[in-house]
Each structure stands twice: as C-alpha cells, then as structure tokens.
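Structure, as structure tokens:
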Amino acid sequence: MQSPSSLREGNRIKIISTARKISHEELVPAITLLKSWGLEVELGKHLFDEYNQFAGEDEKRAADFQEALDNPDIKAVLFARGGYGTVRIIDKIDFSKFKKNPKWLCGYSDITVIHNHVHRLDIETLHSTMPINFKDNSVLSLNSLKQVLFGEKLHISADHFHLNRNGSANGEVVGGNLSILYSLTGTNSDLDTNGKILFIEDLDEYLYHIDRMMQNLLKSGKLANLKGLIVGGMTEMNDNSIPYGKTASEIISETVSEFHFPVCYIFPAGHQKDNRCLILGRQANFIVDEQGASLSF
C-alpha cells in the first residue's frame with residue numbers, strides 16, 4: 001500500500017462534498033480548527049451548490065473531486081459530510097494522476113465508497129470524522145485526525161465488552177460503513193477482506209437488516225479469512241413492533257461464531273462523538289484481552 005505524504009504547517013487542503021448538500025455556516029467550526037493547525041483551507045467550487053438533497057448535480061460534485069485529486073497544491077481532501085450520493089459519481093473519476101501523487105482522503109459513512117474504491121488502487125485512506133461533525137466531536141477524535149495527517153503514530157484503545165473474543169492479529173485494516181459495504185458487493189468498488197482486519201459501523205438501521213447484511217458478508221466469503229473484526233458504533237438502531245430479539249452486537253457475534261479471529265465491540269469509531277481516525281489499508285497490531293481492545297498503527 002502507498003501511504004500519502006504527511007502534512008506540514010502551511011500546506012493547503014480542500015473541503016468538498018461528494019454527497020449531501022451543506023451550508024457555509026455548518027463548516028465554520030471546522031475551517032477555524034483546521035486553520036489553527038496551520039493549514040490553508042480551500043473550498044470546492046461547487047461545495048455549496050444544491051440539487052435536491054445533493055451538493056449539486058453529479059457532474060459538479062465529480063468535478064470538485066477531480067480537481068482536488070489532480071491539483072498538486074492540495075495535500076489532503078476532507079469530505080464535508082456523508083448522507084448519500086458518492087456512489088453516483090465514483091465511476092466518473094479519473095484516478096491516474098492521484099495514483100502518481102496520492103494524498104490523504106478523509107471521511108466516513110457514505111465516503112466508504114471512496115475508501116473501498118481507492119483500496120483497490122493500493123493507496124491508504126483515512127476513515128475519520130468530517131467537517132460537519134467537528135463542532136460535536138470529542139477532543140480525542142479530532143486529535144487522532146491531526147496526528148495521522150501530520151505523520152504521528154496512532155494507538156486506540158477500547159473498553160472491555162462481554163461479547164469480545166480475545167486474541168491478537170496483524171493485518172491491513174479495511175472497511176467502513178456496513179450498509180455501504182453491503183451495497184457495493186459484486187461491484188468494481190467491492191472490498192477484498194482476505195487476510196485483513198475488518199472494521200464495520202452503522203447508523204439508524206433496523207436490526208433485521210443488520211442480520212441481512214452480516215449474512216451477506218458471511219455468504220460472500222468476506223468473513224472466512226479475516227485476521228480480526230472491529231465493530232464500531234452501532235448507533236440508533238431500530239426495531240419492528242415484533243422485536244427481532246437480539247442487539248446489533250449479538251447479531252454480529254452470532255454471525256462470526258464459527259470463526260476464531262479476535263473480535264471487539266463498542267470501538268470508538270463511527271457515527272458518534274468519539275470517532276477516532278483509522279488508517280485504512282495500513283498494517284496494524286490488533287489485541288483483544290480481558291482489559292479491552294487496542295489497535296496500533
């Protein structure tokens with residue numbers, strides 16, 4: 001895997017949206033913080049466009065992304081927010097210049113489309129908080145993004161959880177939003193999990209659908225050769241009037257019960273205030289024991 005260059009004070013970064021629309025007001029806290037880190041912040045030409053729920057038509061969102069990838073003066077790209085829409089433009093993007101001069105691509109949720117697609121190019125990306133969330137994020141969440149962008153080592157710990165399965169593993173960390181991973185199965189942005197540590201998280205899903213998606217991972221062979229499984233926030237889960245009968249964590253635990261790799265739950269990443277940065281595509285040391293779990297890049 002290629003690792004993009006670390007940032008230095010004075011470097012220019014760009015904020016764009018490949019998905020849902022956003023206002024300038026929503027970005028002010030993030031812009032202020034990023035400037036305090038010594039970075040120059042540039043905004044996409046079409047960032048504040050509106051087309052129904054999207055930040056402009058597909059072609060305009062794709063144009064902003066393409067420009068950010070191709071501009072050698074831009075050292076990192078922060079996706080303003082998630083929502084939905086990235087899958088509509090991913091095949092419009094030419095990554096040829098990016099492959100020769102990779103830069104950090106930072107985001108989560110709908111940005112899992114980009115993480116998966118770029119992972120197939122053998123380039124690391126950052127599963128991280130996004131500018132729309134900066135005002136609500138924990139200090140540890142924001143600091144983890146800064147640490148990685150500026151080239152510092154990253155270590156993340158999680159509390160013990162009764163469904164954890166102890167063990168240790170070394171491997172590339174891959175994954176992201178479970179719903180997005182599920183939606184990309186069988187496409188040219190599908191994820192290779194073989195011999196890797198898989199991270200999953202989700203928001204506002206019905207419990208039966210968590211089971212459906214986990215069954216998809218099982219039946220498609222994506223769980224069979226994992227080195228480890230990290231379950232982040234399973235936030236604001238929903239149930240039907242006839243209860244499903246299991247929590248999201250219990251559903252996942254049941255699905256992976258036939259395997260022997262280490263598993264941890266309630267890892268501090270995903271749709272939550274404490275959303276730590278993960279370096280997708282990079283080798284990491286993953287340990288689960290009676291004290292909890294740790295991930296070191």
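No experiment lies behind these values; they were computed from the predicted model shown. Basis for what follows: all heavy atoms, side chains included, without hydrogens, waters or symmetry-related copies.
- Linking ILVMFWY side-chain heavy atoms closer than 4.5 Å, directly or via other members, places M213 and F267 in two distinct hydrophobic clusters.
- For R120, the CZ atom sits in a packed shell: over 12 heavy atoms of surrounding residues, nucleotides or ligands are nearer than 6.0 Å.
- Here CD of E50 is found 11.0 Å from CD of E57. Values are rounded to the nearest 0.5 Å.
- Annotation: side chain of S144 is in contact with side chain of L154 (closest heavy-atom distance under 4.5 Å).
- Looking at R81, its side chain never comes within 3.5 Å of a backbone N or O of S17 through a donor-acceptor pair.
- The aromatic rings of F134 and W37 lie tilted to each other, with the angle between the two planes from 30° to 60°.
- A heavy-atom distance below 4.5 Å is not found between the side chains of S253 and V263.
- Put simply, the side chain of R165 never gets that close to the backbone of L229: no donor and acceptor are under 3.5 Å apart.
- E201 and N177 share a donor-acceptor pair across their side chains, judged by distance under 3.5 Å alone.
- Note that the CD atom of E26 and the NZ atom of K135 stand 7.5 Å from one another [nearest 0.5 Å].
- Atom-to-atom distance recorded for N116:CG and L184:CG is 5.5 Å, nearest 0.5 angstrom.
- What you find for I123 and P102 is that their closest heavy atoms are CG2-CB, 3.8 Å.
- Separation of the Y108 and H271 ring centroids falls under the 6.0 Å cut-off.
- The backbone N or O of R61 lies less than 3.5 Å from no partner atom in the side chain of D64, so there is not a single donor-acceptor pair.
- Atoms OG and CD1, on S249 and I210 in that order, are 9.5 Å from each other to the nearest 0.5 Å.
- Pairing each heavy atom of L126 with each of H115, the nearest pair is O-CE1, 3.0 Å.
- With hydrophobic clusters built from ILVMFWY side chains whose heavy atoms lie under 4.5 angstrom apart, L223 does not share a cluster with V173.
- Using a 3.5 Å distance cut-off with no hydrogens or angles, the side chains of T129 and N275 do not pair a donor with an acceptor.
- Between the side chain of K222 and the backbone N or O of K219, no donor-acceptor pair lies under 3.5 Å.
- D70 places no side-chain N or O within 3.5 Å of a backbone atom of K97 that could act as its donor or acceptor partner.
- Side-chain polar atoms of D110 and T86 form a donor-acceptor pair below 3.5 angstrom.
- With hydrophobic clusters built from ILVMFWY side chains whose heavy atoms lie under 4.5 angstrom apart, F98 shares a cluster with I111.
- A pairwise comparison of heavy atoms in R88 and D58 identifies NH2-OD2, 2.9 Å as the closest pair.
- The local environment of CG in D192 is crowded, with over 12 non-hydrogen atoms from other residues, nucleotides or ligands closer than 6.0 Å.
- Side-chain N or O atoms of S183 include one that pairs as donor or acceptor with a backbone N or O of I180 at under 3.5 Å.
- Residues D274 and S138 bring a donor and an acceptor atom of their side chains to less than 3.5 Å of each other.
- Formation of a donor-acceptor pair under 3.5 Å by the S220 side chain with backbone atoms of N216 is found in this model.
- Contact between F95 and H117 at its shortest, heavy atoms only, is CE1-CD2, 3.6 Å.
- Aromatic ring orientation, F161 versus Y265: tilted (interplanar angle from 30° to 60°).
- Within 6.0 Å of the OH atom in Y51, the count of heavy atoms belonging to other residues, nucleotides or ligands does not exceed 12.
- To the nearest 0.5 Å, atom CG of residue N194 and atom NZ of residue K227 are 9.0 Å apart.
- Looking at L47 and H24, their side chains never come closer than 4.5 Å, going by heavy atoms from C-beta outward.
- Taking the side chain as every heavy atom from C-beta outward, F261 and V256 approach each other to under 4.5 Å.
- Salt-bridge annotation for E254 and K246: present, with a side-chain N of the basic residue lying under 4.0 Å from a carboxylate O of the acidic one.
- No donor-acceptor pair closer than 3.5 Å links the side chain of Q2 to the backbone N or O of D122.
- When atom types are taken as modelled, the side chain of K103 and the backbone of N71 share a donor-acceptor pair closer than 3.5 angstrom.
- Side-chain N/O atoms of E290 and N166 include a donor and acceptor closer than 3.5 Å.
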Worksheet entry | Full working for side chain to side chain contact (heavy atoms under 4.5 Å, CB included) between E172 and M1 | CA-CA 9 Å; E172 285 182 13; M1 281 282 180; 3.7 Å; yes
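- Across every non-hydrogen atom of Q283 and N170, the tightest pair is OE1-C, 4.1 Å.
- Counting heavy atoms from C-beta on, the side chains of Q147 and C277 never come closer than 4.5 Å.
- For the pair L191/K196, no side-chain contact is recorded, criterion being any heavy-atom separation below 4.5 Å from C-beta on.
- Judged by distance alone, the side chains of N238 and D204 do bring a donor and an acceptor atom under 3.5 Å apart.
- Under the 4.5 Å side-chain heavy-atom criterion for ILVMFWY residues, a single connected hydrophobic cluster contains both V77 and V87.
- Counting only N and O atoms by type, the side chains of D211 and Y244 include a donor and acceptor under 3.5 Å apart.
- Taking the six-membered ring where the residue is Trp, F54 and Y84 present tilted rings, their angle falling between 30° and 60°.
- Side-chain N or O atoms of E124 include none that pairs as donor or acceptor with a backbone N or O of P4 at under 3.5 Å.
- Side-chain contact between F48 and L27: present, with at least one pair of heavy atoms (C-beta onward) separated by less than 4.5 Å.
- One finds the CD1 atom of I74 at 10.5 Å from the CD1 atom of I15 (value rounded to the nearest 0.5 Å).
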Practice prompt. Walk me through it: do T125 and H119 pass the test side chain to side chain contact (heavy atoms under 4.5 Å, CB included)?
Written response: CA-CA 8 Å; T125 61; H119 184 80; over 6 Å; no
Discussion item. Set out, in order, the CA-CA distance, both residues' side-chain angles and the distance that settles side chain to side chain contact (heavy atoms under 4.5 Å, CB included) for V41 and L78, then state yes or no.
Written reply: CA-CA 10 Å; V41 180; L78 273 63; over 6 Å; no
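- L218 is listed as a side-chain neighbour of F259, based on a closest heavy-atom distance under 4.5 Å.
- Linking ILVMFWY residues whenever their side-chain heavy atoms come closer than 4.5 Å, directly or via other members, leaves F79 and L203 in distinct clusters.
- Closest non-hydrogen pair, L217 versus L178, comes out as CD1-CD1, 3.8 Å.
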Fill in: Trace of the side chain to side chain contact (heavy atoms under 4.5 Å, CB included) decision for V174 with I197
CA-CA 6 Å; V174 298; I197 298 168; over 6 Å; no
